[in-house]
Protein chains: 2
Amino acid sequence: MKKNSIKTSEKKIRSKNEVKILNAAVLLFSKKGYDGTRFMDIAKASELPKANVYYYFANKNEIYERLIENVLQGWDNAFEHINLDLEPSQAISAYIGAKLDYARVHTIESRFFAHEMLRGGEFLTRKQRQHIREVTRKHEHVLEHWISQGKIRDISPQHFFIMLWASTEFYANFTNIVELTLEKRKLTKKDFDVARETIVSNILNGCLVK
Amino acid sequence: MKKNSIKTSEKKIRSKNEVKILNAAVLLFSKKGYDGTRFMDIAKASELPKANVYYYFANKNEIYERLIENVLQGWDNAFEHINLDLEPSQAISAYIGAKLDYARVHTIESRFFAHEMLRGGEFLTRKQRQHIREVTRKHEHVLEHWISQGKIRDISPQHFFIMLWASTEFYANFTNIVELTLEKRKLTKKDFDVARETIVSNILNGCLVK
DNA sequence: CAAAAACTTGACCAAAGTGTCAACTTTTAT
DNA sequence: ATAAAAGTTGACACTTTGGTCAAGTTTTTG
């Protein structure tokens with residue numbers, strides 16, 4: 001009890017301010033990327049004097065790296081509960097739904113990561129790359145299993161997953177184009193539902209009437 | 001003959017240097033976006049003194065706007081020959097193939113445009129947005145026609161096209177993730193071929209064995 | 001409650017970036 | 001050939017940015 005209260009209170013100010021800074025930063029990075037974001041802008045958006053932000057983070061780099069970690073962690077948390085042991089149609093529907101939910105709710109983080117990819121993923125550590133690779137490989141194995149069972153057609157699991165990521169993340173990263181296409185000022189939950197139906201039905205059934 | 005030679009020679013130096021500058025700029029913008037790119041870096045990459053670049057373009061803005069125009073123009077040229085009057089399977093295959101070819105060959109331009117979208121598409125003029133909208137609408141009509149003919153299932157044409165753009169552009173914008181997934185150091189034409197087969201077969205037939 | 005640790009901040013500096021200009025060279029037109 | 005137009009460039013002035021620091025205040029700890 002005592003120990004716990006010490007531990008939490010001891011870190012209260014720091015953690016509160018770090019959160020303020022990181023939230024401000026991820027929004028800025030999501031719009032302008034690493035190189036386009038000024039340290040001073042992060043300080044302003046955090047509503048803290050620049051020198052105070054320097055007290056918590058040595059430089060922009062450190063903020064950025066923390067955000068990369070956070071986003072990857074959030075990504076893990078969001079998708080580890082997806083059960084790929086179900087039947088293909090169930091599992092794939094759930095996966096697409098979860099990815100679209102993530103795109104809708106965690107738009108900022110998605111765009112932040114999109115910037116990192118556009119710049120070549122230089123900030124990803126070897127460990128982080130490897131982790132991504134392992135998670136993906138696990139998914140591929142499930143798909144291969146379904147293929148061997150004759151439950152789905154014989155396609156490239158890698159390209160299949162890329163197609164799912166692309167189709168879902170597009171709604172977070174390129175919201176503008178989606179809004180322009182749908183002729184909507186702002187995307188609603190309903191729009192994401194239609195997206196889900198379209199993607200799921202296309203992926204599962206194909207678009208040609210048989 | 002005379003007139004023509006006057007016209008071309010009169011503009012030779014200018015156009016040569018503008019091309020140098022624009023080529024250097026689009027590469028930098030494609031990596032770091034508008035805000036992340038310094039005017040001086042464009043000059044260095046162009047192998048021209050900064051003051052010389054200022055002689056051709058008043059500022060970074062002007063360079064960027066020219067590039068937006070160029071990319072939209074190139075986009076038009078690349079896809080206006082796509083014949084959507086064919087049978088659905090033929091037309092859709094060709095469309096996906098063309099989009100993937102564009103992603104492979106015009107990677108830089110794709111990424112440049114991706115940055116513009118991530119920053120909210122602020123640089124697109126009303127006219128340009130409208131043009132994009134019109135081209136898209138035309139495609140949608142074709143799809144609606146096919147639906148009314150019972151040739152393809154009743155799905156949202158908008159979301160269907162978004163799915164096609166997303167699945168193909170992903171290979172240009174997020175090459176890193178693709179390379180990581182495929183465990184390749186560099187994507188080859190062959191990789192794009194497999195991508196095409198996977199996307200086309202999935203879109204046309206769906207992934208479930210019937 | 002006193003000392004230590006944690007936190008805050010204005011002021012400052014050096015480096016980098018933006019944009020201008022006048023003097024110069026090269027190209028073009030007559 | 002020569003004047004006008006087009007192109008080139010070093011140097012300069014001004015602004016923005018990144019980063020430090022010392023002197024303060026607040027919070028925690030024993």
Side-chain angles (χ1 to χ4, degrees), chain A residues 1-29 31-67 115 119 122-123, chain B residues 1-29 31-67 115 119 122-123:
Chain A
M1 195 65 183
K2 182 78 178 295
K3 209 172 179 180
N4 189 18
S5 85
I6 288 170
K7 204 172 162 189
T8 48
S9 64
E10 164 181 84
K11 300 221 162 196
K12 227 162 57 182
I13 296 176
R14 168 167 284 269
S15 86
K16 190 195 69 186
N17 281 334
E18 282 185 357
V19 166
K20 261 174 112 174
I21 294 163
L22 291 170
N23 282 344
V26 75
L27 182 59
L28 289 168
F29 285 138
K31 286 181 185 156
K32 308 191 161 192
Y34 180 81
D35 298 285
T37 302
R38 307 283 142 240
F39 196 92
M40 191 47 174
D41 293 336
I42 298 176
K44 272 185 201 147
S46 310
E47 297 177 298
L48 291 172
K50 186 181 53 157
N52 200 358
V53 179
Y54 272 110
Y55 175 74
Y56 290 107
F57 296 94
N59 47 42
K60 192 166 65 164
N61 220 306
E62 224 170 69
I63 299 177
Y64 195 82
E65 280 171 8
R66 271 281 287 280
L67 285 173
H115 266 292
R119 95 191 303 290
E122 294 167 26
F123 277 93
Chain B
M1 195 68 183
K2 181 80 179 295
K3 207 172 181 182
N4 189 17
S5 85
I6 287 171
K7 203 171 162 189
T8 47
S9 63
E10 165 179 83
K11 300 221 162 196
K12 227 163 57 182
I13 296 177
R14 167 167 284 269
S15 85
K16 191 194 70 186
N17 281 333
E18 282 184 356
V19 165
K20 262 175 111 174
I21 294 164
L22 291 170
N23 282 343
V26 74
L27 182 59
L28 290 168
F29 286 138
K31 286 181 185 156
K32 307 190 163 194
Y34 181 80
D35 298 283
T37 302
R38 307 282 139 239
F39 194 93
M40 190 49 174
D41 292 336
I42 298 176
K44 271 185 203 148
S46 310
E47 294 177 301
L48 291 172
K50 186 182 51 157
N52 202 358
V53 179
Y54 272 110
Y55 175 74
Y56 290 107
F57 296 94
N59 46 43
K60 191 167 66 166
N61 220 304
E62 223 171 68
I63 300 177
Y64 194 82
E65 279 171 8
R66 271 282 287 281
L67 286 172
H115 267 293
R119 95 189 303 288
E122 295 168 25
F123 277 93

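Protein chains get the first letters and strands the later ones, always in sequence-line order, with residue 1 at the start of each.
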Asks: Salt bridge between A:Asp35 and A:Arg119, side-chain N to carboxylate O under 4.0 Å?
Replies: yes
Asks: Can you see if the side chain of B:Asn17 gets near the phosphate of D:dA6 - specifically, an N or O under 4.0 Å from OP1 or OP2?
Replies: no
Asks: Considering only side-chain heavy atoms of A:Tyr56, which listed nucleotide, D:dG18, C:dC7, D:dC21, is closest?
Replies: C:dC7
Asks: Rounded to whole Å, please give me the gap between CG in A:Asp35 and C1' in C:dG17.
Replies: 14 Å
Asks: Rounded to the nearest angstrom, tell me the gap between atom CD1 in B:Ile63 and atom C1' in C:dG19.
Replies: 13 Å
Asks: Does the structure place the NZ or CZ of B:Lys32 under 6.0 Å from the centre of the six-membered ring of A:Tyr34, at an angle of no more than 45° from the ring's axis?
Replies: no
Asks: Taking the side chain of A:Ala51 as heavy atoms from C-beta outward, which of C:dG10, C:dG19, D:dT9 is closest to it?
Replies: C:dG10
Asks: Looking at the side chain of A:Lys60, which of D:dG18, D:dT9, C:dT18 is the nearest nucleotide?
Replies: D:dG18
Asks: Is the shortest side-chain N to carboxylate O distance from A:Lys44 to A:Glu47 below 4.0 Å?
Replies: no
Asks: Rounded to whole Å, please give me the gap between CG in B:Asn59 and C1' in D:dC14.
Replies: 17 Å
Asks: Mind calculating the distance between CZ (B:Phe39) and P (C:dT20) to the nearest angstrom?
Replies: 10 Å
Asks: Hey, which sits more toward the 5' end of DNA chain C by its nearest nucleotide, B:Thr37 or A:Ser15?
Replies: A:Ser15
Asks: Measure CG/A:Leu48 against P/D:dT26 and give the value in whole Å, please.
Replies: 16 Å
Asks: Starting at CE of A:Met40 and ending at P of D:dT20, how long is that distance when rounded to a whole Å?
Replies: 16 Å
Asks: OP1 or OP2 of D:dA6 less than 4.0 angstrom from a side-chain nitrogen or oxygen of B:Arg14, does that happen here?
Replies: no
Asks: Look at A:Tyr55 and C:dC7 and indicate whether a side-chain polar atom (N or O) is within less than 4.0 Å of OP1 or OP2.
Replies: yes
Asks: Indicate, with yes or no, if the rings of A:Phe39 and A:Phe57 have centres closer together than 6.0 Å.
Replies: no
Asks: Expressed in angstrom and rounded to an integer, what is the separation of B:Lys50 atom NZ from D:dG10 atom P?
Replies: 11 Å
Asks: Of the options D:dT8, C:dT20, D:dT27, whose atoms approach the side-chain atoms of B:Asn52 most closely?
Replies: D:dT8
Asks: Mind calculating the distance between OH (B:Tyr34) and C1' (C:dT18) to the nearest angstrom?
Replies: 12 Å
Asks: If the threshold is 4.0 Å, N to carboxylate O, is there a salt bridge linking B:Glu62 and B:Arg66?
Replies: no
